[in-house]
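Note sheet for the following structure.
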Number of protein chains: 2
Amino acid sequence: MPEDPPNSAPAHGPTIYEVARRAGVSIATVSRALRDTGPVAPRTRAKVLAAVEELRFTPSRLGVSLAEGRHAANGIVFPDLSGPYYAEVVLGYEEVASELGRSVIILSARGRSNVRDQVKDLAGRVDGLVVFGHTVDDATVRELMAAGLPVVLLARAPIAGADLVASENIATAGVLTEHLLGHGYRDLTMLGASTGDDIGERWAGVTRALSAHGLTAGPPVPCEFTVDGGLAAGRDLLRRRTRPEAVICADDQVALGMLLAAEELGLDVPGDLAVTGWDDIMAARHARPALSTVRQPMRELGARAARALDELITGARATTRHQTLATELVVRTSCGEHPPQEDL
Amino acid sequence: MPEDPPNSAPAHGPTIYEVARRAGVSIATVSRALRDTGPVAPRTRAKVLAAVEELRFTPSRLGVSLAEGRHAANGIVFPDLSGPYYAEVVLGYEEVASELGRSVIILSARGRSNVRDQVKDLAGRVDGLVVFGHTVDDATVRELMAAGLPVVLLARAPIAGADLVASENIATAGVLTEHLLGHGYRDLTMLGASTGDDIGERWAGVTRALSAHGLTAGPPVPCEFTVDGGLAAGRDLLRRRTRPEAVICADDQVALGMLLAAEELGLDVPGDLAVTGWDDIMAARHARPALSTVRQPMRELGARAARALDELITGARATTRHQTLATELVVRTSCGEHPPQEDL
DNA sequence: CAGCAAAGTGGAAGCGCTTACAGTCAGCGT
DNA sequence: ACGCTGACTGTAAGCGCTTCCACTTTGCTG
């Protein structure tokens, strides 16, 4: 690392001092003129603005933030973001945060060992933080909250004292299950084992719906939550002596892998096998057979989180709140034949 | 907006002063002990660390940055990010930036009128900026560069003095065209009019390849760069008296829409019509027929941009550099039948 | 044992801005 | 003509940290 000279003038722009000198006023006046935070004579203001213009002055955020004691920035920690799901949520978040005048600093936790340190660093740069999924251990989250940092949890298990925004899983999993039962399937398999998170909730919903019909299913089959994971698990599953009638996949990527596996083995979906996903990512609509799945309001999840965080930061709300957004079963063709109707 | 009292103790954590007092040393010593930037006696260091531990002290980034004169953060401005393409690039960027010890502040330009102001604010928060596509007008970019801010351009037209990272378009467009010609198609249609950007380059490549064979094509057909745009344009195009033999779409989303249109009209792809995309987004692999397309190294684009920016910021490199990343034709089935072979 | 260098430490000056607080001045009421 | 009020403006004290410098202490070398 090239040790650059101590005072190598970081090429930063002009400071408020230069503007003040040029306008022939004090820095206090410049500040007031710019933020309209006190009386400034019209003539003076004009001089200041002229100087600002000539120097192309933009106040240093650092200086402003240090003096104001706030960052005007929010952070978000997300799991992988590789798939389309997380990206959409982050986008929805950024959109609203931006409207609220806050920058967004992102931190991906994908395969990082030092997330804890990175999160703590991040915490020092923002006025509030969104923790997406189980990317940060509870102890760290509590510590941040204890330090006075507003935190909003997104799509994960709650923590006392923190806001939570999540989408509904259990009920819709029930609806999905009922739908499959309606097709006449009785032997359902859950693909993608997981507990304590949204996927665990989905399985709970499925199980509950089944038992309401006096049915049971085996435990969820382990599977990595990727297309390749679904493909591998699918190959394995479909070559067994007794093939399931329907496979409920933990998410769309797994389901897409499953579709690939079925195709590879010459099985017809939904003829020989029904498959469902969860999320309704873009590829779900375009797969053939088109994937039946559950749509999550991804952008809305992010947007809600941004608003909730803003309320916490500005102090507009002091109590914590849990929001659950409705999800919707999207019936396409991978789960079985349906009377023709408009949908895609 | 609730005007909170001037000194409402922002609940910020302990400062270096409190640590110093508790450890019975000066703040200078605390700083040295923490950053290992000067001699500190073992005993002293221990005391400091103990105090840090007890107080759960984390240095304020604001203070550090202001004193250091750097943010340890990078910005990235991207167009829409709705599709999978931009998200991947941003991810690749974040990953590398994070490794290099820099936070990433994102700014989406989607449908915003005040991008210019937002970018200038962003510029004040970072040590360098990546401008993705034509999200920021050239004048503003130049202004930022003139102010000494390192800038890396991503997937867009170059600007003198700024680094550029882009993926190859022209040559691969030629390869794609040759491939289609190899299938025997002569009547090719370009879908998605655009000039002066990467899509414009693709059309240039296609046109050049065609003329090398003494062929020509009509001008690119206008079309919004979304699935629905492709669908609408496809309906229109395929109902004309003379249907094209092959449609080269500006990107995968348009191509997916085209596929939908063909399906809707009962046309067989590739039997009645060949379709190609560009980007190789996830859905391209899963569509049926699977979409032939051109793969862009999306993550790598972002990663390169991050590294280039880092070089500029640290001063490891002073000259500007243009990097073009290779792209690859991915032959699937939407462009015609091929002898069976391994690929997906 | 004087004389020095090195190690360890504290003081204090910024970094760029916001914002009490304290002046300065002109216009008014009486 | 004189104090008073307001409108303006400047001074200076932070915000939390890094780091240059100067000053003490050792620990050794001649």
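Chain identifiers are assigned alphabetically (A, B, ...) following the order of the sequence lines, protein sequences preceding nucleic acid strands; residue numbering begins at 1 within each chain.
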When the C1' atoms of the five terminal pairs at each end define the local axes, what inter-axis angle does the helix from C:dC1-D:dG30 to C:dT30-D:dA1 show, to 10 degrees?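 About 50°, once rounded to a multiple of 10°.
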
Can you list, pair by pair, the side-chain donor-acceptor contacts under 3.5 Å of residues 23-45 of chain A, counting residues two or more places apart and other chains?
{"from": "A:Ser26", "atom 1": "OG", "to": "A:Ala28", "atom 2": "N", "distance (Å)": "3.4"}
{"from": "A:Ser26", "atom 1": "OG", "to": "A:Thr29", "atom 2": "N", "distance (Å)": "3.4"}
{"from": "A:Ser26", "atom 1": "OG", "to": "A:Thr29", "atom 2": "OG1", "distance (Å)": "3.4"}
{"from": "A:Arg35", "atom 1": "NH2", "to": "A:Glu68", "atom 2": "OE2", "distance (Å)": "2.5"}

Tell me: [atom1] of [X] to [atom2] of [N], nearest whole Å?
| X | N | atom1 | atom2 | answer |
| --- | --- | --- | --- | --- |
| B:Leu62 | C:dT18 | CG | C1' | 13 Å |
| B:Asp121 | C:dC17 | CG | C1' | 14 Å |
| A:Glu68 | C:dG16 | CD | C1' | 12 Å |
| A:Arg61 | D:dC15 | CZ | C1' | 14 Å |
| B:Asp127 | C:dC15 | CG | P | 18 Å |
| A:His71 | C:dC17 | NE2 | P | 17 Å |
| A:Arg70 | C:dT18 | CZ | P | 12 Å |

What residues form a side chain to side chain donor-acceptor pair (under 3.5 Å) with [X], not counting sequence neighbours?
| X | result |
| --- | --- |
| A:Glu54 | A:Arg22 |
| A:Asp198 | none |
| B:Gln296 | B:Ser167, B:Asp279 |
| B:Arg116 | B:Thr140 |

Using only heavy-atom distances, determine whether the side chains of B:Ser108 and A:Glu95 contain a donor-acceptor pair under 3.5 Å.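 The answer is no; no qualifying pair exists.
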
Would you please name every residue forming a side-chain contact (heavy atoms from CB on, under 4.5 Å) with A:Ser103, sequence neighbours left out?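 Testing A:Ser103 for side-chain contact (heavy atoms from CB on, under 4.5 Å), a comparison that skips the adjacent residues, returns A:Ala73, B:Ile105, B:Asp121, B:Arg125.
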
A:Glu300: salt bridge (charged side-chain N to carboxylate O under 4.0 Å, His left out) partners, not counting sequence neighbours: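 A:Arg304.
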
Of all the choices, C:dG16, C:dC17, D:dC17, which nucleotide is nearest to the side chain of A:Leu66 once you look at every atom?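 Nearest to the side chain of A:Leu66 among the choices is C:dG16.
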
Candidate nucleotides C:dG16, D:dC17, C:dT18, ranked by approach to the side chain of A:Thr15 - the nearest: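 For A:Thr15, the side-chain atoms sit closest to C:dG16.
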
Is there a residue in residues 30-46 of chain B whose heavy atoms reach under 4.0 Å of DNA chain C, and which residues are they?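 Heavy-atom cutoff 4.0 Å gives B:Arg32, B:Pro39, B:Val40, B:Ala41, B:Thr44.
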
At a heavy-atom distance below 4.0 Å, what parts of residues 17-29 of chain A sit against DNA chain C?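 Within this stretch, A:Tyr17, A:Ile27, A:Ala28 sit under 4.0 Å of the strand.
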
Summary of salt bridge (Lys or Arg N to Asp or Glu O under 4.0 Å) pairs that have at least one residue in residues 151-167 of chain A, sequence neighbours excluded: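 Passing the test, one end in residues 151-167 of chain A: A:Asp138-A:Arg156, A:Asp163-A:Arg317.
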
Which pairs pass salt bridge (Lys or Arg N to Asp or Glu O under 4.0 Å) with one or both residues in residues 98-109 of chain A, sequence neighbours excluded?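 Counting only pairs at least two positions apart or across chains, the salt bridge (Lys or Arg N to Asp or Glu O under 4.0 Å) contacts touching residues 98-109 of chain A are A:Arg102-A:Asp127, A:Arg102-A:Asp310.
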
If you look at every heavy atom in A:Ala306 and A:Leu100, which pair is closest and at what distance?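 That closest heavy-atom pairing would be O-CD1, 4.1 Å.
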
